[in-house]
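Working notes, beginning with the structure itself.
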Amino acid sequence: MADREDTLLTNRAAKLERIRAKGIDPYPARFSRTCDTATATAMFEANEGDDGSQDKVQDVLLAGRITSMRTMGKAAFLDLQDASGVIQALLRLNNLGDGFDLIKDLDLGDHLGVRGNLMRTRTGQVTIDAVELTVTAKGMRPLPEKWHGLRDVETRYRQRYLDLIANQDEIMPVFVLRSKVISGIRRFLDDRGFLEVDTPILVPVAAGAHAKPFDTHHNALDQKLYLRIATELYLKRLIIGGFDKVYEIGRVFRNEGIDQDHNPEFTLLESYEAYADYIQVMDMVEQMVATIAIAVNGSAQVTIGENVIDFTPPWQRVSMREELEKRSGIDLESYDDEALRRRAAKLGIDTKVLESRGRLIDKLLSTFVEPHLIQPTFVLDYPEEMSPLAKAKPDSPGYVERFEAFACGMEIANSYSELNDPVVQRERFEGQEQIRALYEDEEVDRQDEDFLTAMEYGMPPTGGLGVGIDRLVMLLAGQRSIRDVLLFPQMRTLKGESAEAEPEEEPENEATE
RNA sequence: GGGCCGUUAGCUCAGUUGGCAGAGCACCGGACUUUUAAUCCGGGUGUCGUGGGUUCGACCCCCACACGGCCCA
């Protein structure tokens, strides 16, 4: 540990002891505020007469963290920050008497309660003129610097609380927006008669998507379990069971890489509506996103970099095949697997690892098509082999009724007319297993026997939807990285930080005295 | 997985053809009863990410590693 830090901590500890020596509890159990700081300011302004008479808001109790201190001998100005904002407190020897001494033992970062009267200073700032101070929690560590805030991204993610304290104005609104997006989705779906449900996170089969699961073990059952990679198959079981419209907003887990738009756990909305198809889901998605954009930003338009993204329906709808041909010159129908691979390689796609046709098409799309989809766009009708849970498109052999929605080059939604023929579903799962056998390292969907049994009891025609909430929040909040819309993004555990992290054998040096 | 960049005081950052480690804020001491990046006077508090190497001498050059970021896959 650095000596300097020791000194800073020692200073704080000494102040803590002095506070205690005065008979003050530096960590009292409670402090009753009259209101938060923003409300206090609004209250004062509302009661303020035109003539500046300002004696109507007296004897209020406010509290916050000290983020700035300007001491001037026998008076001091402090800034008290709470979730609603900041209010200035004026501490004067005249008003506080012996209590004024406490200033010497206050630090930036301490939580302080102030009783006093609201007033305006000479410079016009609404301020609480303190008559009594209460230490509500002494801070024992120095805060990041007040002017530049906390900029080190690693520290911001690892110690998000410091980021929130130091960069409150910058980042708190992002997470408030995130919360509004989620509550807005709930309201939107609830209003349309959807039922919110909870399905298992610990599952015996990690099915419903092409992704590598986290695995774990249940001791009492002595059974391997996985963390879910999707909620799809359980929600479909509920449609089979007779619920008409269900949705779940839940965390799913994919044991894959971490980058600007991937975190190993992320929040997924899935909804299923009996007797709907993907066209109806499309209508719902554009309505939902526009509604939420307006709810959180007051506008269906969002400025991201140089682009103004307009979520106002209707969104552009393009055929996957046509769009790919337009952007890359490749008409999928003219190429068998091998020819497609050669053509892709010629266009600069890395084809060193042998990949399935579906995976190859996926790469072509993400290289040639997706980056161009800036305005909200539905891409329709994907190859069957990429979509084992989607219903075949009539009159288009090899294709399924599926759309993905993109904005700003990023996928935000995925939807199918759901496959409900159990025989075909079994064939599709088997097709996935063949892909797995042929192409090593390729993630495919897994066969879920229990789900097939469920489908054999009869699943009505259904429109399904998945929306990556984190990415939607990124768009609506104008954030580049998924880490900036996650309060606690996944980080590698630092050495020595967790005893659980590396259960390395340590030589036992006990039994000597 | 590959490439590039970063890691220096509590925080934000300088720095050196390789020669005693710097600033602002914070902090410590002093002055100051309407300040607001308060001001004024005095004080630098450091394992320069970690471990090796080269060198008379390394924060700087070399190698490896750790963590993070960006780009690519």
Side-chain angles (χ1 to χ4, degrees), chain A residues 1-15 18 54 66-81 85-97 100 103-110 116-130 139-159 162-163 165-167 169 256-262 344-345 348-353 355 359-360 362-364 366-367 371 441-442 480-484 489-498 501-502:
Chain A
M1 189 170 292
D3 287 344
R4 172 59 181 156
E5 187 171 1
D6 277 350
T7 307
L8 293 171
L9 299 189
T10 304
N11 290 341
R12 297 273 179 143
K15 290 179 179 181
R18 287 206 296 269
Q54 51 195 216
I66 302 172
T67 55
S68 176
M69 233 185 321
R70 299 171 290 282
T71 63
M72 289 164 300
K74 299 186 180 63
F77 289 93
L78 312 185
D79 289 341
L80 296 179
Q81 173 178 288
V86 177
I87 196 162
Q88 180 173 260
L90 172 56
L91 280 51
R92 290 189 283 187
L93 181 60
N94 289 5
N95 289 347
L96 292 164
F100 189 76
I103 287 180
K104 289 202 290 278
D105 298 321
L106 292 179
D107 285 300
L108 299 187
D110 293 354
N117 307 316
L118 296 178
M119 55 167 273
R120 238 180 235 287
T121 62
R122 276 178 201 163
T123 52
Q125 182 164 358
V126 177
T127 296
I128 180 165
D129 193 15
M140 299 303 288
R141 289 178 179 274
L143 251 33
E145 197 231 1
K146 61 183 173 185
W147 187 242
H148 299 91
L150 181 65
R151 295 265 63 95
D152 181 72
V153 288
E154 186 172 348
T155 308
R156 293 180 60 189
Y157 298 149
R158 287 189 191 278
Q159 295 177 274
L162 284 182
D163 192 23
I165 293 168
N167 305 317
D169 294 346
E256 292 163 359
I258 297 174
D259 63 26
Q260 274 188 93
D261 38 36
H262 293 87
I349 305 287
D350 180 0
T351 55
K352 283 184 214 111
V353 179
E355 290 171 314
R359 177 86 172 259
L360 207 52
D362 196 43
K363 275 189 174 181
L364 289 167
S366 54
T367 304
D441 292 342
E442 195 147 328
R480 282 161 182 265
S481 169
I482 195 169
R483 298 180 198 94
D484 293 322
Q490 195 59 239
M491 303 286 278
R492 190 184 288 273
T493 305
L494 294 175
K495 285 219 169 89
E497 198 170 77
S498 165
E502 290 291 332

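Just so we're on the same page: letters track the sequence lines, and every chain starts at 1.
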Phosphate OP1/OP2 of [N]: any [X] side-chain N/O under 4.0 Å:
X: A:R151; N: B:U12; value: no
X: A:Q260; N: B:G69; value: no
X: A:R483; N: B:C70; value: yes
X: A:R158; N: B:G68; value: yes

A:E355 to A:D350 - nearest heavy-atom pair and separation:
OE1-O, 4.1 Å
Looking only at heavy atoms, what is the nearest atom pair of A:R12 and A:M140, with distance?
CG-O, 3.6 Å
Looking only at side-chain atoms of A:L93, point me to the closest of B:G69, B:U33, B:U34.
B:U33
Any idea which of B:C28, B:C67, B:A73 is nearest the A:R492 side chain?
B:C67
What does [N] pair with, Watson-Crick or G-U, if both distances are under 3.5 Å?
N: B:C4; value: B:G69
N: B:C32; value: none
N: B:G22; value: B:C13
N: B:C61; value: B:G53
N: B:A37; value: none

Provide the distance between the two [atom1] atoms, one in [N] and one in [M], to the nearest whole Å.
N: B:G6; M: B:C40; atom1: P; value: 36 Å
N: B:U39; M: B:G57; atom1: P; value: 46 Å
N: B:C48; M: B:G44; atom1: C1'; value: 15 Å
N: B:C56; M: B:A37; atom1: C1'; value: 47 Å
N: B:G69; M: B:G29; atom1: P; value: 39 Å
N: B:G43; M: B:C5; atom1: P; value: 40 Å
N: B:A38; M: B:C32; atom1: C1'; value: 11 Å
N: B:C63; M: B:U17; atom1: C1'; value: 22 Å

Quickly work out the [X] [atom1] to [N] [atom2] distance and round it to whole Å.
X: A:L162; N: B:C11; atom1: CG; atom2: C1'; answer: 10 Å
X: A:E145; N: B:C27; atom1: CD; atom2: C1'; answer: 13 Å
X: A:H262; N: B:C71; atom1: NE2; atom2: P; answer: 14 Å
X: A:H148; N: B:U12; atom1: NE2; atom2: P; answer: 10 Å
X: A:L108; N: B:C11; atom1: CG; atom2: C1'; answer: 12 Å
X: A:N11; N: B:C27; atom1: CG; atom2: C1'; answer: 6 Å
X: A:D350; N: B:G1; atom1: CG; atom2: P; answer: 16 Å
X: A:D163; N: B:U12; atom1: CG; atom2: P; answer: 11 Å

What pairs with [X] under side-chain contact (heavy atoms from CB on, under 4.5 Å), at least two apart in sequence or on another chain?
X: A:E154; result: A:D152, A:R158, A:M491, A:L494
X: A:A344; result: A:I349, A:T351, A:L360, A:L364
X: A:D169; result: none

Output a table of nitrogen or oxygen pairs between the protein and nucleotides 38-42 of chain B separated by less than 3.5 Å.
| residue | atom | partner | partner atom | Å |
| --- | --- | --- | --- | --- |
| B:A38 | OP1 | A:K146 | NZ | 2.3 |
| B:A38 | OP2 | A:S68 | OG | 3.4 |
| B:A38 | OP2 | A:R70 | NH1 | 3.4 |
| B:A38 | N6 | A:T71 | O | 2.8 |

With sequence neighbours excluded, residues passing salt bridge (charged side-chain N to carboxylate O under 4.0 Å, His left out) with A:K146:
none
Determine the contact category for [X]: base if any of its heavy atoms lies under 4.0 Å from a base atom, sugar-phosphate if only primed atoms, P, OP1 or OP2 are that close, otherwise nothing.
X: A:K15; answer: sugar-phosphate
X: A:Q88; answer: base
X: A:G149; answer: sugar-phosphate

Inter-residue atom distance A:D107.CG - A:R141.CZ, 0.5 Å rounding:
13.5 Å
Between A:P144 and A:D107, which has a closest nucleotide on RNA chain B that is more 5'?
A:P144
Pairwise 5' ranking along RNA chain B for A:L150 and A:K363, keeping only the more 5' one:
A:L150
Not counting sequence neighbours, which residues clear side-chain hydrogen bond (donor to acceptor under 3.5 Å, both in side chains) with A:R70? List them please.
A:S68, A:D79, A:Q88
Is it true that A:D105 and A:K15 have a side-chain N and a carboxylate O under 4.0 angstrom from each other?
no
Looking at A:Q125 and B:U34, is any side-chain donor or acceptor paired with a base atom of the opposite kind under 3.5 Å?
no
Does any N or O in the side chain of A:D163 come within less than 3.5 Å of the main-chain N or O of A:Y157, such that one atom is a donor and the other an acceptor?
no
